[in-house]
Amino acid sequence: MDFLTNYFSGKDTTFIVSQLIGFVAAALLLLSFQQRTHKRIVVMQACSGFLFAVQYFMLGAYEGMIGNVVGFTRSIAYSFRGRSKTVDHIACPVVFAILACLGGLATYTSPASLLPMAAMMISSFVIWSPKTQQLRALTMPTSAMWLVYNVICSSYSGIVTEVLNLISIIIGLIRFRKKD
């Protein structure tokens with residue numbers, strides 16, 4: 001309990017609420033990699049992305065917010081993968097990568113701003129893949145980019161998320177290695 005008291009001492013209410021929202025988002029994201037189907041993975045990631053967008057907004061980390069708004073929208077669209085010719089077309093991830101790039105450039109403040117932009121551009125193609133094991137494995141580099149960004153913008157829940165995310169991905173890769 002002393003850890004929590006020390007963690008929150010001297011922090012304003014907005015910061016505390018942002019971290020709590022981030023931990024809920026983290027739980028959804030981590031659970032997403034334990035799902036069997038592509039649709040369930042992306043729907044859970046959409047919910048997580050929306051909450052992370054709120055958290056980054058509250059932290060004033062607008063690059064992360066924009067990246068997660070794009071990610072939220074992208075995940076909703078990708079949940080229709082295999083049932084929509086529009087979403088199944090290669091132009092779909094290209095459009096989301098361009099949106100991530102434009103959003104990143106619009107909110108650029110420093111070289112660290114490029115991390116969420118690059119992560120979202122790459123993940124636009126990774127998450128589009130219907131192969132769940134490929135999705136898990138190729139998410140690792142984007143998690144590393146988000147980890148560095150979270151350290152820079154003091155998103156403690158984001159730091160914990162990405163460390164646990166990497167562990168969850170590895171568990172998912174091992175757990176479902178013969179199922180895809």
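Values reported hereafter were calculated over all heavy atoms of this structure, with side chains retained and with hydrogens, waters and symmetry mates removed.
The distance from atom CD of Gln45 to atom OG1 of Thr139, rounded to the nearest 0.5 Å, is 6.5 Å. Distance check: Ile41 CD1 to Leu29 CG gives 10.5 Å after rounding to the nearest 0.5 Å. Separation of atoms CD1 (Ile171) and CD (Gln34) is listed at 6.0 Å; rounding is to 0.5 Å. Here the straight-line distance linking atom CD of Gln19 with atom OG of Ser155 works out to 5.5 Å at 0.5 Å rounding.
Leu147 and Ile159 make their closest contact through CD1-O, 3.7 Å (heavy atoms, listed as atom of the first residue, atom of the second, distance). Residues Ser157 and Gln55 come closest through the heavy atom pair OG-NE2, 2.6 Å. Scanning all heavy atoms of the two residues, the minimum distance from Trp128 to Cys92 falls at NE1-CB, 4.4 Å. Listed here is the closest heavy atom pair of Ala137 and Ile169: N-CG2, 4.3 Å. Closest non-hydrogen pair, Arg136 versus Gln35, comes out as NH2-O, 3.0 Å. Residue Met44 comes nearest to Ser32 through the heavy atom pair CB-CB, 3.7 Å, listed as atom of the first residue, atom of the second, then distance.
Under the 4.5 Å side-chain criterion, counting only non-hydrogen atoms from C-beta, Ser123 is in contact with Arg74. Looking at Ile21 and Ser18, their side chains never come closer than 4.5 Å, going by heavy atoms from C-beta outward. Between Pro141 and Ile122 there is no side-chain heavy-atom pair separated by less than 4.5 Å. Using a 4.5 Å heavy-atom threshold, the side chains of Phe96 and Tyr78 count as touching. Proximity of Asn150 to Thr161: side-chain heavy atoms (C-beta onward) are nowhere separated by under 4.5 Å. A heavy-atom distance below 4.5 Å is not found between the side chains of Thr142 and Val126.
Annotation for Arg81: atom CZ counts as buried by contact number, over 12 foreign heavy atoms lying within 6.0 Å. Within a 6.0 Å sphere centred on CZ of Phe125, other residues, nucleotides and ligands contribute more than 12 heavy atoms.
Residues Tyr62 and Leu114 do not share a hydrophobic cluster, clusters being chains of Ile/Leu/Val/Met/Phe/Trp/Tyr side chains in contact below 4.5 Å. Transitive grouping of hydrophobic side chains (ILVMFWY, heavy atoms separated by less than 4.5 Å) keeps Ile90 and Met121 in distinct clusters. Using a 4.5 Å cut-off between side-chain heavy atoms of Ile, Leu, Val, Met, Phe, Trp and Tyr, with links allowed through other members, Phe15 and Phe23 fall into the same hydrophobic cluster. By the rule that hydrophobic residues join a cluster once side-chain heavy atoms approach within less than 4.5 Å of another member, Leu99 and Met117 end up as members of separate clusters.
Summarising the hydrophobic clusters (Ile, Leu, Val, Met, Phe, Trp, Tyr; side-chain heavy atoms under 4.5 Å, direct or chained), the residues clustered with Val43 are none.
By the ring pair (Phe, Tyr, Trp, His ring centres under 6.0 Å) test, Phe72 pairs with Phe50, sequence neighbours left out. Among residues two or more places apart in sequence or in another chain, the ring pair (Phe, Tyr, Trp, His ring centres under 6.0 Å) test is passed with Tyr56 by Trp146, Tyr149.
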May I have the list of side-chain donor-acceptor pairs in residues 100-107 shorter than 3.5 Å, sequence neighbours left out?
{"from": "Thr107", "atom 1": "OG1", "to": "Gly103", "atom 2": "O", "distance (Å)": "2.9"}
{"from": "Thr107", "atom 1": "OG1", "to": "Gly104", "atom 2": "O", "distance (Å)": "3.4"}

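Sorted pairs that involve residues 141-167 and meet salt bridge (Lys or Arg N to Asp or Glu O under 4.0 Å), not counting sequence neighbours, are lacking altogether. Residue pairs that meet the ring pair (Phe, Tyr, Trp, His ring centres under 6.0 Å) test with at least one member in residues 98-120, sequence neighbours left out, do not exist here.
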Apply side chain to side chain contact (heavy atoms under 4.5 Å, CB included) to Met140 and Ile170, showing your working.
CA-CA 9 Å; Met140 294 176 83; Ile170 291 167; 3.9 Å; yes

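For Ser168 (side chain) and Asn165 (main-chain N/O), no donor-acceptor pair under 3.5 Å exists by modelled atom type. With hydrogens and angles disregarded, a donor-acceptor distance shorter than 3.5 Å links the side chain of Thr73 to the backbone of Val69.
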